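Inspection log for the structure reproduced underneath, given as structure tokens.
In this text the structure is predicted, and so the values were computed from the model without any measurement. Note that the numbering runs from 1 along the sequence shown for the chain.
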Amino acid sequence: MAEANWYVVHTYSGYENKVKANIDKTIENRHLEDQILEVQVPLEEVTEVKNGVKKVVSKKMFPGYVLIHMIMNDDTWYVVRNTRGVTGFVGPGSKPVPLTEAEMRNLGIRTENIVVDFEEGDTIVVVGGAWKDTVGNIVAMNPHKQTITINVELFGRETPVEVSFADVKKMN
């Protein structure tokens, strides 16, 4: 079976989220979950000051572009290329070029597989990142994104939080 790589797709400006939603829907309808693994619109947190008030907002890192983790074949190429709002893959001519390991690391996308010794239901402690020293139970795992979802008590409510495999440790 071919290897999945990350590809960059050019879209009409402002259509990034619509393209992501359309591709996600097509993946579901055509049962391509094993070939198109993930669709991302990379966001970054930016602090804006408006009228003297600081506010943290999410902005698109690359307006007009969507990242897709997929196995390139005729079917997947056709599905993505013919999605409304997509103008084409990034690459010379009509040949899509996958992102290199270094490019993906710069974008914060992990490619190395991390083997973990925990599963859903286990109690873990977060050892890095924004949720450091938080303890929680695993409610979901996503091996493709290499993340787990834990419930954290926030303002008296259980709130799901996504944390990287690399930032957690199983409690004894």
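- A donor and an acceptor atom, one from each side chain of Thr76 and Asn73, are located under 3.5 Å apart.
- Val39 pairs with exactly one of Thr26, Val80, Ile27 by the side chain to side chain contact (heavy atoms under 4.5 Å, CB included) rule, that one being Ile27.
- For the pair Gln40 and Val66, the tightest heavy-atom approach, listed with the atom from each and the gap, is O-CG1, 3.4 Å.
- For the residue pair Thr83 and Val19, the shortest heavy atom distance occurs at CG2-O, 4.2 Å.
- For the residue pair Phe89 and Met70, the shortest heavy atom distance occurs at CZ-CE, 4.0 Å.
- Using cut-offs of 30° and 60° on the angle between ring planes, the pair His69 and Trp6 is parallel.
- Taking both residues in full, the closest heavy atoms of Lys132 and Val127 are given as CE-O, 3.6 Å, listed atom of the first, atom of the second, then distance.
- With hydrophobic clusters built from ILVMFWY side chains whose heavy atoms lie under 4.5 angstrom apart, Val9 shares a cluster with Tyr12.
- Across all their heavy atoms, Glu16 and Val41 have their closest contact at O-CG2, 3.7 Å.
- Atoms CG and CG, on Asn82 and Asn22 in that order, are 12.5 Å from each other to the nearest 0.5 Å.
- A donor atom on one side chain and an acceptor atom on the other are found under 3.5 Å apart for Glu45 and Ser58.
- Here NZ of Lys20 is found 10.0 Å from CD1 of Ile68. Values are rounded to the nearest 0.5 Å.
- Listed here is the closest heavy atom pair of Ile71 and Asp34: CD1-O, 3.6 Å.
- A 4.5 Å side-chain heavy-atom check between Trp131 and Ile150 finds every atom pair outside the cut-off.
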Please report the C-alpha distance between Val126 and Val161 in whole Å, then the side-chain angles of each, then the deciding distance to 0.1 Å, and finally whether the side chain to side chain contact (heavy atoms under 4.5 Å, CB included) criterion is met. CA-CA 11 Å; Val126 182; Val161 174; over 6 Å; no

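- Within 6.0 Å of OH in Tyr15 there are 12 or fewer heavy atoms belonging to other residues, nucleotides or ligands.
- Taking 4.5 Å as the limit, every side-chain heavy atom of Val125 sits out of range of all side-chain heavy atoms of Val168.
- Taking CD1 of Ile23 as the start and CD of Glu28 as the end, the distance is 14.0 Å to the nearest 0.5 Å.
- Distance check: Glu153 CD to Glu158 CD gives 6.0 Å after rounding to the nearest 0.5 Å.
- Remark: the backbone N or O of Glu162 is not paired with any side-chain donor or acceptor of Thr147 at under 3.5 angstrom.
- At a threshold of 4.5 Å between non-hydrogen side-chain atoms, the residues Tyr7 and Val90 do not count as touching.
- Note that the CD atom of Glu120 and the OG1 atom of Thr149 stand 9.0 Å from one another [nearest 0.5 Å].
- Of the candidates Val152, Leu154, Asn151, Pro160 forms a side chain to side chain contact (heavy atoms under 4.5 Å, CB included) with just one, namely Asn151.
- Follow the hydrophobic side-chain contacts under 4.5 Å out from Met72 and you reach Tyr78 in the same cluster.
- Rounded to the nearest 0.5 angstrom, Lys169 NZ and Ile124 CD1 are separated by 11.0 Å.
- Counting non-hydrogen atoms of other residues, nucleotides and ligands closer than 6.0 Å to NZ of Lys18 gives a total of 12 or fewer.
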